[in-house]
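Take a look at the structure below.
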Amino acid sequence: AWDYFEGGPGCANVSAEWNEVFLNNIVFCLGLTCFGDNPVFQLCPGQITVGNDVDSCGAYVNYQAVATDSCNNPNRFFLYEYSTDGGMTWLPGTGSGEFYPVGVTNLQIRAYNPRAMLYSLRNCNVQIEVLDTQLPTAVCLNQNVIVGATCEGTLLAENVAGLSYDNCEDVTYQISRDGMTFLDALTFTQADIANSPILITAEVCDQSGNCQTCTATVYVVDEEDPMITCPADVTVNMPNGTCHGIVPDLMATVSDNCMAVTVTQSPDPGVAFGGAHGDEVIVTLTADDGNGNVTSCEVTVTVEDTQAPLIPCPDDVTVGTSSNGTGDCEGDYTWRHPIPFDNCGIPSNYTLEIVEPISGTSNPVPVANASFTHVFDEGTSTLTYEATDLGGNMGSCSFTVTVVDDEIPMITCPMDIMTTTSADGTGDCATDVTFTVPTPTDNCDMDLEMNYAIVKDDNTVIAIGATTPGGMITQNLEIGTYRVT
């Protein structure tokens, strides 16, 4: 299709093939216009691959798409449109200079000839691939791993590298002990507590496979206190001859989530404590798991005095009634009260009990080491000392004082008797002799047994028998001399 056009002056600004014609000294532009037909792309980029813009999850992509037609009209005569959704929506331009996200974008470009009002029959198909070539930024945070009841603690990778970021947002995290084997989580146990702190490596990767690493320090911590159960309160006896207690070696029941527990005791076993019956000491048992966790419990230890006081009694003794020179049936004895002693000092209660066969019981108050004289009945008297200490322990000792009658009875015999054979009037060579039995006296016995004997001067025993004091004895005797005993 051609058209005439008159322009002028000259054809310098006309966009087609024109000829200049001079008429009447006036220059006219005379030519034909070619409207053209469907545009055809002479230049279509096809496939474009670019890297992302820095810190961006995509890139601004520039390219050229050029169309022409059968009239070889220049590119600026055409209108261009592009679509990224398969031709559903068309936007003005070729799409060059636009922002494209990481990944593949399929583009369709079409050209429009506004003079011929025709579109290109074939679109320019462009595949734009934006590659994510930027490494993620790995940010590691040091971590404390608290082990639990089984002495294990789990550390998640996201806790270590969770602040890491990437130009394209989504990243994944894994952690490793050796920098080679990476896992989503690591488990730490008792062995790691001793080796703490531990250096680990975190790997941060984006969706495009770009990975970056960083390191973090892990402190494996046991914060769980050990369990300790103390034994019941204890009562101990004072060692023999002492007035104090000895701290026993107490055994506690312990357990811990991790380590073997060390138990210490304060005061230490074997330490002396107290100075009187009933004194106490608080013993503290402490469990230490070696990880800085300590638990204590307490036991009350009470000392008990079970030792009775000792009293050194005098030896048993025998005295005569003549010891006091009074002619009675009693005897004196003088001694010193024994000095009682106890492992915890002088006993608080000191007594003396004297049990006599006649007088019965008496309880004089003893004064230790004081001299004491007592008049005892004939026979055996038992003396018992008792002493009680503050612990309620009673000690005693006994001895006996035996009083014997060492004084003989007193007898006053009648006067000698002279008689004749005629005294009885029998006319024989003998006579009856009668005499009164004397009454004896004694310091002890009131009823004395009397025996008599009549012996001739040639030691011939004439009569022997028992008699009663104050009674009468009659004996027929021949001429001679006789001794009556």
Side-chain angles (χ1 to χ4, degrees), residues 233-248 267 270-283 300-406 443-444:
D233 293 340
V234 178
T235 298
V236 298
N237 295 331
M238 293 178 177
N240 190 37
T242 69
C243 190
H244 59 256
I246 299 296
V247 175
V271 172
F273 75 95
H277 174 80
D279 282 355
E280 296 178 347
V281 64
I282 303 299
V283 178
T300 298
V301 179
T302 304
V303 64
E304 188 174 77
D305 179 11
T306 59
Q307 302 173 55
L310 298 177
I311 308 172
C313 270
D315 295 332
D316 296 342
V317 65
T318 299
V319 297
T321 56
S322 62
S323 60
N324 56 11
T326 60
D328 56 16
C329 195
E330 297 174 331
D332 292 354
Y333 181 61
T334 299
W335 74 99
R336 287 187 177 277
H337 292 303
I339 301 174
F341 62 90
D342 186 62
N343 57 311
C344 285
I346 299 175
S348 60
N349 187 27
Y350 186 32
T351 63
L352 169 62
E353 179 186 74
I354 301 176
V355 180
E356 300 183 69
I358 298 174
S359 301
T361 301
S362 61
N363 297 293
V365 178
V367 177
N369 203 38
S371 179
F372 184 68
T373 300
H374 187 74
V375 179
F376 293 92
D377 296 335
E378 181 193 19
T380 298
S381 299
T382 300
L383 292 81
T384 301
Y385 286 95
E386 290 184 352
T388 305
D389 62 18
L390 294 177
N393 305 298
M394 185 183 71
S396 66
C397 73
S398 296
F399 72 101
T400 60
V401 176
T402 301
V403 177
V404 297
D405 182 7
D406 62 350
N443 61 316
C444 288

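Computed from heavy atoms alone, side chains included, the values below leave out hydrogens, waters and symmetry copies.
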Query raised in the report: Heavy atoms, side chains only, cut-off 4.5 Å: are Trp335 and Cys313 in contact?
Result: no
Report task. Before giving the answer on side chain to side chain contact (heavy atoms under 4.5 Å, CB included), spell out for Glu353 and Thr361 the whole-Å C-alpha distance, their side-chain angles and the decisive distance to 0.1 Å. Result -> CA-CA 7 Å; Glu353 179 186 74; Thr361 301; 3.7 Å; yes
Query raised in the report: When rounded to the nearest 0.5 angstrom, what is the spacing between OG1 in Thr402 and CZ in Phe376?
Result: 10.0 Å
Report summary line: Tightest non-hydrogen contact, residues Pro347 and Thr388, listed as CB-O, 3.5 Å
Query raised in the report: If you look at every heavy atom in Met238 and Ala276, which pair is closest and at what distance?
Result: CE-C, 3.6 Å
Requested in this report: Specify the closest pair of heavy atoms between Arg336 and Ser371, including all atoms of both residues, with the distance to one decimal.
Outcome: NH1-N, 3.7 Å
Query raised in the report: Is there side-chain contact between Pro366 and Pro364, with heavy atoms separated by less than 4.5 Å?
Result: no
Query raised in the report: Where the side chain of Asn349 meets the backbone of Ala387, is there a donor-acceptor pair that is under 3.5 Å apart?
Result: no
Query raised in the report: Taking the side chain as C-beta and beyond, is there a heavy-atom pair between Thr380 and Pro357 under 4.5 Å?
Result: no
Report task. For side chain to side chain contact (heavy atoms under 4.5 Å, CB included), just list the numbers for Thr384 and Cys397, CA-CA rounded to whole Å, side-chain angles, deciding distance to a tenth of an Å, and then say yes or no. Result -> CA-CA 6 Å; Thr384 301; Cys397 73; over 6 Å; no
Query raised in the report: Quick check: are there more than 12 heavy atoms from other residues, nucleotides or ligands sitting under 6.0 Å from CG of Asn363?
Result: yes
**Report entry** pair Phe273-Val236: side-chain heavy atoms closer than 4.5 Å
**Finding:** yes
Report summary line: OH (Tyr333) and CZ (Phe399) are apart, to the nearest 0.5 Å, by 6.0 Å
Requested in this report: Could you tell me whether Ile346 atom CD1 has more than 12 heavy atoms of other residues or ligands within 6.0 Å of it?
Outcome: no
**Report entry** Gap between atom NE2 of His277 and atom CG of Asn393 - 0.5 Å precision
**Finding:** 7.5 Å
Requested in this report: State the CG-CD distance between Asn237 and Gln307, to the nearest 0.5 angstrom.
Outcome: 8.5 Å
**Report entry** Interatomic distance, Ser322 atom OG to Asp405 atom CG [nearest 0.5 angstrom]
**Finding:** 9.0 Å
**Report entry** Pair Tyr385 and His337, ring centroids less than 6.0 Å apart
**Finding:** yes
Report task. In sequence, state the C-alpha distance, the side-chain angles, and the governing distance for Asp279 and Val281, and then conclude on side chain to side chain contact (heavy atoms under 4.5 Å, CB included). Result -> CA-CA 7 Å; Asp279 282 355; Val281 64; over 6 Å; no
Query - Closest heavy-atom pair and its distance - Thr382, Ser398 - result: CG2-CB, 4.5 Å
Report summary line: Note: Cys344 and Asp305 closest approach over all heavy atoms is SG-OD2, 4.0 Å
Report summary line: For Pro312 and Leu310, the nearest pair of non-hydrogen atoms, with its separation, is CD-O, 4.0 Å
**Report entry** NE2-CG distance between His374 and Asp332, expressed to the nearest 0.5 angstrom
**Finding:** 9.5 Å
Report summary line: In Ile358, Thr321, Val401, the residue satisfying side chain to side chain contact (heavy atoms under 4.5 Å, CB included) with Asp377 is Ile358
Query raised in the report: With distance as the sole test, does Thr242 use its side chain to make a donor-acceptor pair with the main-chain N or O of Pro239 at under 3.5 Å?
Result: yes
Query raised in the report: Are side-chain heavy atoms of Asn369 and Ile339 found at a separation under 4.5 Å?
Result: yes
Query raised in the report: Any side-chain heavy-atom pair from Val403 and Ser381 closer than 4.5 angstrom?
Result: no
Report task. Check the side chains of Thr302 and Thr235 for a donor-acceptor pair under 3.5 angstrom, ignoring hydrogens and angles. Result -> no
Query raised in the report: Between Val247 and Val301, is a side chain to side chain contact (heavy atoms under 4.5 Å, CB included) present by the stated rule, with each step listed?
Result: CA-CA 7 Å; Val247 175; Val301 179; 5.5 Å; no
